[in-house]
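The structure under discussion appears below in the form of structure tokens.
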Amino acid sequence: MDDPLLEVLSRIAPGTALREAIDNIIRARTGALIIIGGEPEIDEDCEGGFRLDVPFHHEFVYELAKMDGAILLDQEIQRIRKANVELIPKQYATSAETGMRHRTAERIAKTRNATVIAVSERRSIVTIYKGQSRYVLHDLSYILTKATSALASLSRYDRLFRSAVRRLAESEAEEAVPLVDVIEALRRGYIALSIRQEINRYVVELGRDGHLIDLQLEEYPDIFRDWIGIWKDYQAENMPVPNPVVLDAASWSQEMWANHLGYDQLDYRIEPRGYRLLHTIGLPDDVIEILMQEYRTLSEMRQATPDDFSQISGIGSQRARTIWAALHETYSDANF
């Protein structure tokens, strides 16, 4: 997913050595400031302390956290570089945090290519900073509850997306699709993909305890490729294709969806290009693009014969028959 925190969460998930060190620090209520990576630039922000350069071990980190200063680990969490270090962040870095440890952590994360973990001494809260991102680790039982709830929401929006796509397919048979139906399919798919991304984060954060959630998530086919296919089918010419995983579209109105697709009003009826349908039969992206260069719309492709398709580079006779059959079969629930 394009989520900068996912890799970080995977490295401190239950079952990892670093998570064991953090859990020991929490139980001892000593607090800690742990810096992962950022070398060698991060050394410019360090004063005092002492250099170690020893292999990483969770017990070493736990013992070093009993001192006031920060602990510096290498990017791969293979070595403990320094300990008991005073960090002096850049003056221009801002922070909305109140405690000194967390203010320092946020400012370092914003100015260095490092992951910063702040463990609160009094509240036993673990906060992760990476660039502009901030994430608070939650109790595992809380994460399991949230993941279960998110799975129920994914089930609902997965059904809604497939229902919207069925309506698209029925309209595609008439070769003109209302823009509002396109927007509704994209909106429902966007929500489903956002929920899926949220569950992925929960699975990573749960570590070894997230296996059952991951198994349930696998019951829902990833609709990413279908969503992209719909966008490419109906977008105006020369419009960029967004990545729905990083798209901030939760509050978009129908008009905003239309504008991003390249239209200035909602009452358009659009002829599809055929990307989504070709995706459903498993054609590689490069083959689909070759077809799109030869045929501009779905209706043009439907007028072609299997022999016409087989003459195109990269499409043999067997694949040509598969394409022709998919273009002419009657739409049913089994197709999606």
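Rounding to the nearest 0.5 Å gives a distance of 13.0 Å between CE of Met100 and NE2 of His102. Distance CG/Leu179 to CH2/Trp257: 11.5 Å, rounded to 0.5 Å. With values rounded to the nearest 0.5 angstrom, Asp308 atom CG is found 11.0 Å from Ile315 atom CD1. Annotation: the span from Ile143 atom CD1 to Asp209 atom CG amounts to 11.5 Å, rounded to 0.5 Å. Residue Tyr220 holds its OH atom at 7.5 Å from CZ of Arg159, rounded to the nearest 0.5 Å. In this structure, the separation between CD1 on Ile108 and CG on Asn113 is 12.5 Å, given to the nearest 0.5 Å.
Between Arg187 and Glu184 there is a salt bridge, since at least one side-chain N of the basic residue sits less than 4.0 Å from a carboxylate O of the acidic one. Taking 4.0 Å as the cut-off between side-chain N and carboxylate O, Arg27 and Glu20 do not count as a salt-bridged pair. Ionic pairing of Glu97 and Arg134 is present here: one or more N-O contacts between side-chain nitrogen and carboxylate oxygen are shorter than 4.0 angstrom. Ion pairing of Asp43 with Arg81 is present here, as a side-chain N (NZ or NE/NH1/NH2) and a carboxylate O approach within less than 4.0 Å.
The main-chain N or O of Gly69 is found under 3.5 Å from a side-chain atom of Asn84 such that the two form a donor-acceptor pair. Arg302 contributes no side-chain N or O that, together with a main-chain N or O of His328, makes up a donor-acceptor pair within less than 3.5 Å. At distances below 3.5 Å, not a single donor-acceptor pair connects side-chain atoms of Arg273 with backbone N or O atoms of Arg296. Of the possible polar contacts, one joining the Ser310 side chain to the Asp307 backbone as a donor-acceptor pair under 3.5 Å is found. Side-chain atoms of Arg112 do not come within 3.5 Å of backbone N or O of Gly38 as any donor-acceptor pair. Between the side chain of Asp233 and the main chain of Arg276, a donor-acceptor pair closer than 3.5 Å is present. Side-chain N or O atoms of Arg101 include none that pairs as donor or acceptor with a backbone N or O of Ser120 at under 3.5 Å. Tyr190 contributes a side-chain N or O that, together with a main-chain N or O of Leu247, makes up a donor-acceptor pair within less than 3.5 Å.
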Exercise for the section: Go through the steps for Lys110 and Glu106 under the test salt bridge (charged side-chain N to carboxylate O under 4.0 Å, His left out), then give the verdict. Expected result: CA-CA 6 Å; Lys110 287 181 175 180; Glu106 185 174 26; 3.7 Å; yes

Exercise for the section: Assess whether salt bridge (charged side-chain N to carboxylate O under 4.0 Å, His left out) is satisfied between Glu39 and Lys82, documenting all intermediate values. Expected result: CA-CA 11 Å; Glu39 67 267 25; Lys82 296 181 179 181; over 6 Å; no

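For Lys146, the side-chain contact (heavy atoms from CB on, under 4.5 Å) partners are Tyr142, Tyr202, not counting sequence neighbours. Legend: residues meeting ring-ring contact (aromatic ring centres under 6.0 Å, His included) with Tyr263, ordered by chain and number and at least two apart, are Tyr268.
Contact annotation: the side chain of Glu218 approaches that of Leu215 to within less than 4.5 Å [non-hydrogen atoms, C-beta and beyond]. Looking at heavy atoms from C-beta onward, Pro55 lies in side-chain contact with Arg79 at the 4.5 angstrom threshold. Within the 4.5 Å cutoff, no side-chain heavy atoms of Ile290 are placed close to those of Glu294. Between Leu154 and Leu217, the closest side-chain pair of non-hydrogen atoms falls below 4.5 Å. Side-chain contact between Ile128 and Ser133 is absent, with no heavy-atom pair separated by less than 4.5 Å. Within the 4.5 Å cutoff, side-chain heavy atoms of Asp285 are placed close to those of His279. The shortest side-chain heavy-atom distance between Lys232 and Glu289 falls under the 4.5 Å cut-off. Counting heavy atoms from C-beta outward, Leu291 and Leu283 have side chains that approach closer than 4.5 Å.
Few gaps surround CG on Asp286; more than 12 heavy atoms of other groups in view lie less than 6.0 Å from it. Around the CZ atom of Arg51, the shell of radius 6.0 Å holds no more than 12 heavy atoms that belong to other residues, nucleotides or ligands. Other residues, nucleotides and ligands contribute more than 12 heavy atoms inside 6.0 Å of the CG atom of Asn259. By the neighbour-count criterion of 12 heavy atoms within 6.0 Å, atom CD of Gln265 is densely surrounded, having more than that number from other residues, nucleotides or ligands.
Asp139 and Ser141 are linked by a side-chain donor-acceptor pair at a separation below 3.5 angstrom, with hydrogens and angles left out of the test. When only modelled atom types and interatomic distance are considered, Tyr275 and Gln235 share no side-chain donor-acceptor pair under 3.5 Å. Side-chain N/O atoms of Arg11 and Thr16 include no donor and acceptor closer than 3.5 Å.
Note: Tyr135 and His138 have perpendicular aromatic rings, judged against thresholds of 30 and 60 degrees for the angle between ring planes.
Both Phe60 and Ile77 sit in one connected hydrophobic cluster of ILVMFWY residues. Membership requires side-chain heavy atoms under 4.5 Å apart, directly or through other members. Tracing side-chain contacts under 4.5 Å through hydrophobic residues (I, L, V, M, F, W, Y), one reaches Val182 starting from Tyr157; they form part of the same cluster. Under a hydrophobic-cluster definition in which Ile, Leu, Val, Met, Phe, Trp and Tyr are linked whenever side-chain heavy atoms come within less than 4.5 Å, directly or via other members, Leu18 and Val204 are assigned to the same cluster. Using a 4.5 Å cut-off between side-chain heavy atoms of Ile, Leu, Val, Met, Phe, Trp and Tyr, with links allowed through other members, Val85 and Ile34 fall into different hydrophobic clusters. Cluster annotation: Ile230 is not connected to Leu327 through the hydrophobic network of ILVMFWY side chains, with a link wherever side-chain heavy atoms come within less than 4.5 Å.
Between Ala236 and Gly262, the closest heavy-atom pair is CB-O, 3.7 Å. Residues Ala304 and Tyr295 come closest through the heavy atom pair CB-OH, 3.5 Å. The two residues Leu298 and Gly274 make their nearest non-hydrogen contact at CD1-CA, 3.8 Å. Between Pro178 and Arg269, the shortest heavy-atom distance links the atoms CG-NH1, 3.4 Å. Residues Leu168 and Ala185 come closest through the heavy atom pair CD1-CB, 3.8 Å.
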